*Asks:* 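What follows is a single structure, and I will ask about it in a moment.
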Amino acid sequence: MVEKYNPQAIEARWQKKWAEDKLYEVHEDPSRPKFYFLTMYPYPSGDLHIGHWYAMAPSDAAARHRRMKGYNVLFPIGFDAFGLPAENAAIKHGIHPWTWTYRNIENMRRQLRAMGAMFDWSREVITSDPEYYKWNQWFFLKFYEMGLAYRTYAPVDWCPNCNTTLAREQVVGENRECERCGTPVIRKDLNQWLFKITKYADELLDFSKIDWPERVKTMQTNWIGRSEGAEIVFKSEQGDDIIVFTTRADTVFGATFMVLAPEHPLVQKLTSDDQRAQVDAYVQQASRETEIDRLAVTKEKTGVFIGAYAVNPVNDVRIPIYIADYVLMQYGTGAIMGVPAHDWRDFVFALKYGLPILPVIDRPDGLTKSFAPSGTMNEGFADALQAEGIPFDEREGSRYITIPPEKVNRYVQLAQRFVRQDAWNEVVGTRWVFIFHDGVWEWDSLESEQRILDRCKKLEPGVRDKRTLMEMLWSLEFYRDALYHDAYGTMIHSGEFTGTPGDVARQRVAEWLAEKGIGKPAVTYRLRDWLISRQRYWGTPIPIIYCPACGTVPVPYEDLPVVLPEDAQFLPTGESPLKYHEGFRNVACPRCGGPAERELDTMDTFVDSSWYQYRYLSPHDDHAPFDPDQGRYWLPVDQYTGGIEHATMHLLYTRFFHKAMRDIGVVDFDEPMTRLFNQGIILGEDSEKMSKSRGNVVSPDDYVNAVGADAVRAYLMFIGPWSEGGPWSSRGIDGVVRFLNRVWNLVVAEREDQGAGDYRPADITALRRLTHQTIKRVSEDLENFRFNTAIAALMEFNNVLVKAKETRVYGTVAWEEAIENLLLLLAPICPHIAEELWMRTGRPYSIHQQTWPVWDAAIAAEDTFTLVIQVNGRVRDKVDVPVSITEDDAKAVALASENVRRYVDGQKPTRIVYVPGRLVNIVVR
RNA sequence: GGGCCGGUGGCGGAAUGGCAGACGCGGCGGACUUAAAAUCCGCUGGGGAAACCCGUGUGGGUUCGACUCCCACCCGGCCCACCA
């Protein structure tokens, strides 16, 4: 009776042996090329989720493959151990965060070991250890000295559930929800510490030194949101400079109003007495609105005139100043020039508040329209239009005319000839004119707008309620698509700039503004500085002391770490226990020795994860964040793996942190991780996201107990492309379980009649060919993280071997070569069974210290192939031919085919396409 | 509203200009068994008796040849969204 595959027994045994032998502990070895393979470390929630397996098991396989290829591979693991859940557990269950965290870590270590990964546990990092977070504090102080850490009083996002502030990156979605708990954030004004990530905005946009997925690069680029434009100085009538930022300096002649953010510092000063009550009310409402219910915020534009005017510096036009909450104090200069003709937000605002809208950029699409209502034109107009070839629709005597661009001027002449004395006609789109019987009035300025509007109101009582020409025209459905555009085009109605082509307009205007000293080129970013203060206990204390005499005093380096006090009280007050810990709070000023207070906020846990990759090098180093000698050998990280959800958080922060580390002299290169791969998300059986509420959470422990870690590992890699994720299938895993059983039986079970008879040389050749083809396929697939097809190749190989075992090749040298390579190729994916079978076939421990096999191209080469024969692109026959076949011979074989003859049917081929090694296509059309 | 990614049998997926559906799940039939499970063997995109025809979200296009490239649309997912 053959011994059965018993994964539970062999996996535990090998894990123990590998640990005892320190098989996966690595050290600098200058004789071998290094490879730093990093996978994102887990938060110690207490249970290893199948999602962790999905990220880590393929990473482990790739790292093992590297190692077998001769690299000295560092593959470390640790725990992202600070964070709110520990504190919540303390409040809810009375467990100290320390106890909760380290208990969870203990359990997760066990689970991680059960995976059979080659983690180097001797380098484990736990970020809540003082020996770790001391260096967070050290970096903070360095950054502070460099001006990269600063404190400011400003409006910040506050999560009312987590009772802490959040960084801009940690507020997600349409409803501006807390990234962790999903509660909509509110606004608070607070003193907070920030890291100056904006200093590196441009450098962070440069991805030339890293090989990262396009998707992540795009997301980071959009997040940083660089906008090139200009600052333009408008003056208030009182003489204050009001600086606006715009990306469309070419539209400056169309500025018909100005909008300040409600928080803009000039608002109070400029507001007139009669508008003050209204303005104050609006400012208050704007600040409250963000604090009450974000969901109730409408998209409707609101604003208030502040009773003051500014002067457009390019044409001295006097324009009213408004405040409105669609202008954000945090972006640009907190003030904009309103150019309603070419900015949709300004357009909507101007229509609502009756502000003039003056087109100053020509339409590049040439769309031009005119509407001639019934009774406005004299007899013969329609005939004249027809004669000119100007198309129009006629409904109930009114004519809807879309004018071909080249006929616009001709149309204006015609319209003037036919327009009645008591009416007018207008043209909109590429020309803006009002046509009266006694003249054509250009609508090219605010004064002309007023004149035209006055005359129209006299002629037509129905438009007397219209405040602007645009309001009048907008009421006509037919015109709507011609009235507004935001394209680049030739400047019009713009004084000496009129006629400037769209491709140079922005630059010309910007240069001219600079010359006149009323503007300059400017760049703004959407990116905000990284707010790192958290009003929580379970994090790194910010090493700052506030002294009534000396002000803000950094904790001296020799006093680090500032240790979290263990005897804090965890009460459900929503406030940090540190606030009420007198022993922590009160401290002697390091400078004057007088009574002072500690900073009570802790750091965002993303600070911890921004540099953990370096701490793995020397986790217990007491002199530096990491040992520089090890750094020189191991850095940078060669391959990083993890989820894409961190694209604009962790992955952006760590790039920033690295550059800041470089600038304080800790590292001397520019990017922390050379290559990045984002795996997909493992879904529930129902293809939905796994969640407790859906009841579709898969527990890896259950499956490991039932079928073994190797099967779970292999199945996760077999589901599909790693980058795509996909649904877990409790049936699908049976496939890899069977596969492993078949491998086991193939290798372990002796054939009864072994050694009998001779073998045929052709069988040996075929077996060796397949062996080397499989080495090639699996090698190339693992190289490119295509685990699914690598496993498929191994399954095919195994299926053939199972059959071959019954033949005479069993027991030959070629057979042994096949078995040996099957095990070597399987080793990175299923390390336990590979090791076990390696041992059982008498091979030297450990398979994981063996060299990855190399395929021999000559042995792998086929000597025949299936020549596909097509007629007019459709397959009509297939013939096995030698690889060495010549073009002429291949064509002859094709034409000789009985089936082909039927389809060619005596016709002379117009063309015969020959693709070497693949097909012949006979074209007879 | 903007951007990115995807859509292939009953299911997960393979093939990324050249035999569509590798590999696996499921299903059907068979062997073994008193029986079941496990295992093994065979079949398995649809239509058709067959020759063949149809078939990769939909509609066009390029090509000797398109799942693959181009255009438009539909559907799904993700990210961003009053960013001047």
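Chain naming here is simple, since letters A, B, ... match the order of the sequence lines and numbering starts at 1 in each. This structure is a prediction, so every number in the text was calculated from the model and none was measured.
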*Asks:* Looking at every strand, decide which applies to A:Thr866 at a 4.0 Å heavy-atom threshold: base, sugar-phosphate, or nothing.
*Replies:* base
*Asks:* Using the ring of A:Tyr488 (Phe, Tyr or Trp, six-membered ring only), decide whether A:Arg248 places NZ or CZ under 6.0 Å from its centre and within 45 degrees of its axis.
*Replies:* yes
*Asks:* In whole Å, what is the span from the OH atom of A:Tyr715 to the P atom of B:G12?
*Replies:* 10 Å
*Asks:* Using atom P in both nucleotides, what's the gap between B:G12 and B:A51 to the nearest angstrom?
*Replies:* 31 Å
*Asks:* Write down the distance between CG (A:Leu652) and C1' (B:C80), rounded to a whole number of angstrom.
*Replies:* 15 Å
*Asks:* Check every strand shown and say whether A:Asn899 touches a base, only sugar-phosphate, or nothing at a heavy-atom separation below 4.0 Å.
*Replies:* sugar-phosphate
*Asks:* Would you please confirm or rule out a distance under 4.0 Å between OP1 or OP2 of B:C5 and any side-chain N or O of A:Arg215?
*Replies:* no
*Asks:* Of the nucleotides B:A81, B:A84, B:G18, which one has an atom closest to the side chain of A:Ser227?
*Replies:* B:A84
*Asks:* Grab the CD-P distance between A:Glu780 and B:A22 for me, whole Å please.
*Replies:* 21 Å
*Asks:* Is A:Asn745 touching bases, backbone alone, or none of the nucleic acid, heavy atoms closer than 4.0 Å?
*Replies:* nothing
*Asks:* Among the candidates B:C52, B:C19, B:A81, find the nucleotide nearest to the side-chain atoms of A:Arg902.
*Replies:* B:C52
*Asks:* Of all the nucleotides listed (B:A84, B:G18, B:C79), which has the minimum atom distance to the side chain of A:Met219?
*Replies:* B:C79
*Asks:* Contact class for A:Arg226 (heavy atom, under 4.0 Å): base, sugar-phosphate, or nothing?
*Replies:* nothing
*Asks:* Measuring from the side chain of A:Arg874 (C-beta onward, heavy atoms only), which nucleotide among B:C53, B:C54, B:C41 has the closest atom?
*Replies:* B:C54
*Asks:* Using the ring of A:Trp53 (Phe, Tyr or Trp, six-membered ring only), decide whether A:Arg713 places NZ or CZ under 6.0 Å from its centre and within 45 degrees of its axis.
*Replies:* no
*Asks:* Can you find a side chain N or O atom of A:Asn788 that sits less than 4.0 Å from OP1 or OP2 on B:A14?
*Replies:* yes
*Asks:* The side chain of A:Thr789 lies closest to which of these nucleotides: B:A84, B:A15, B:G13?
*Replies:* B:A15
*Asks:* Could you work out which one of B:A14, B:C52, B:G18 sits closest to the side chain of A:Tyr903?
*Replies:* B:C52
*Asks:* Nearest heavy atom decides the nucleotide; on that basis, is A:Arg786 or A:Thr648 closer to the 5' end of RNA chain B?
*Replies:* A:Arg786
*Asks:* So, is A:Arg738 close to the B:U39 phosphate, meaning a side-chain N or O under 4.0 Å from OP1 or OP2?
*Replies:* yes
*Asks:* Can you tell me the Watson-Crick or wobble partner of B:C4, both distances under 3.5 angstrom?
*Replies:* B:G77
*Asks:* Would you mind calling B:G29 syn or anti? Take O4'-C1'-N9-C4 for purines or O4'-C1'-N1-C2 for pyrimidines, and syn is within 90° of 0.
*Replies:* anti
*Asks:* Which pair of heavy atoms, one from A:Met258 and one from A:Val244, lies closest together, and at what distance?
*Replies:* CE-CG1, 3.5 Å
*Asks:* Go through B:A84, B:C25, B:A22 for me and flag the one nearest to the A:Glu796 side chain.
*Replies:* B:A22
*Asks:* Under 4.0 Å, counting only non-hydrogen atoms across every strand here, what does A:Ser729 touch: a base, just sugar-phosphate, or nothing?
*Replies:* nothing
*Asks:* Under a 4.0 Å N-O cut-off, is there an ion pair linking A:Glu898 with A:Arg902?
*Replies:* no
*Asks:* Where the side chain of A:Arg731 is defined as all heavy atoms beyond and including C-beta, which of B:C19, B:G26, B:C82 is the nearest nucleotide?
*Replies:* B:G26
*Asks:* Identify whether any heavy atom of A:Gln870 sits under 4.0 Å from a base atom; if not, whether one sits that close to sugar-phosphate; answer base, sugar-phosphate or nothing.
*Replies:* base
*Asks:* Any side-chain N or O of A:Arg526 below 4.0 angstrom from OP1/OP2 of B:A81?
*Replies:* yes
*Asks:* For the side chain of A:Leu919, counting heavy atoms from C-beta on, which of B:G18, B:C23, B:C52 is nearest?
*Replies:* B:G18
*Asks:* Pick the closest RNA chain B nucleotide for A:Pro727 and for A:Met337 by heavy atoms, then say which residue is nearer the 5' end.
*Replies:* A:Pro727
*Asks:* Output yes when A:Lys689 and A:Glu645 qualify as a salt bridge under the 4.0 Å nitrogen-oxygen rule, no when they do not.
*Replies:* no
*Asks:* Within this structure, what is the CH2-to-C1' distance between A:Trp722 and B:G12, rounded to whole angstrom?
*Replies:* 19 Å
*Asks:* Check every atom of B:G26, B:A84, B:G18 against the side chain of A:Arg918 and return the nucleotide holding the closest atom.
*Replies:* B:G18
*Asks:* Heavy atoms under 4.0 Å, any strand shown: does A:Val327 hit a base, just sugar-phosphate, or nothing?
*Replies:* base
*Asks:* Which is true for A:Asn921 with a 4.0 Å heavy-atom rule: it touches a base, it touches only sugar-phosphate, or it touches nothing?
*Replies:* base
*Asks:* May I ask you to establish whether A:Lys301 and A:Phe349 are in a cation-pi arrangement, using a distance under 6.0 Å from NZ or CZ to the six-membered ring centre and at most 45° from the ring axis?
*Replies:* no
*Asks:* Applying side chain to side chain contact (heavy atoms under 4.5 Å, CB included), run through A:Thr771 and A:Phe797 and close with a yes or a no.
*Replies:* CA-CA 7 Å; A:Thr771 299; A:Phe797 188 35; 3.5 Å; yes
*Asks:* For A:Arg742, report the nucleic acid contact type (base, sugar-phosphate, nothing); a contact means any heavy atom under 4.0 Å.
*Replies:* sugar-phosphate
*Asks:* Could you tell me whether A:Asn799 contacts a base, only the sugar-phosphate backbone, or nothing, with contacts defined as non-hydrogen atoms closer than 4.0 Å?
*Replies:* sugar-phosphate
*Asks:* For the pair made of CG in A:Asp781 and C1' in B:C23, what is the distance, rounded to whole Å?
*Replies:* 12 Å
*Asks:* Looking across every strand, which nucleic acid part, if any, lies under 4.0 Å from A:Ile719 by heavy atom: base, sugar-phosphate, or nothing?
*Replies:* sugar-phosphate
*Asks:* To the nearest angstrom, how far is A:Leu746 atom CG from B:U39 atom P?
*Replies:* 16 Å
*Asks:* Do the charged groups of A:Arg168 and A:Asp157 touch, with an N to O distance under 4.0 Å?
*Replies:* no
*Asks:* Rounded to the nearest angstrom, tell me the gap between atom CZ in A:Arg911 and atom P in B:U63.
*Replies:* 10 Å
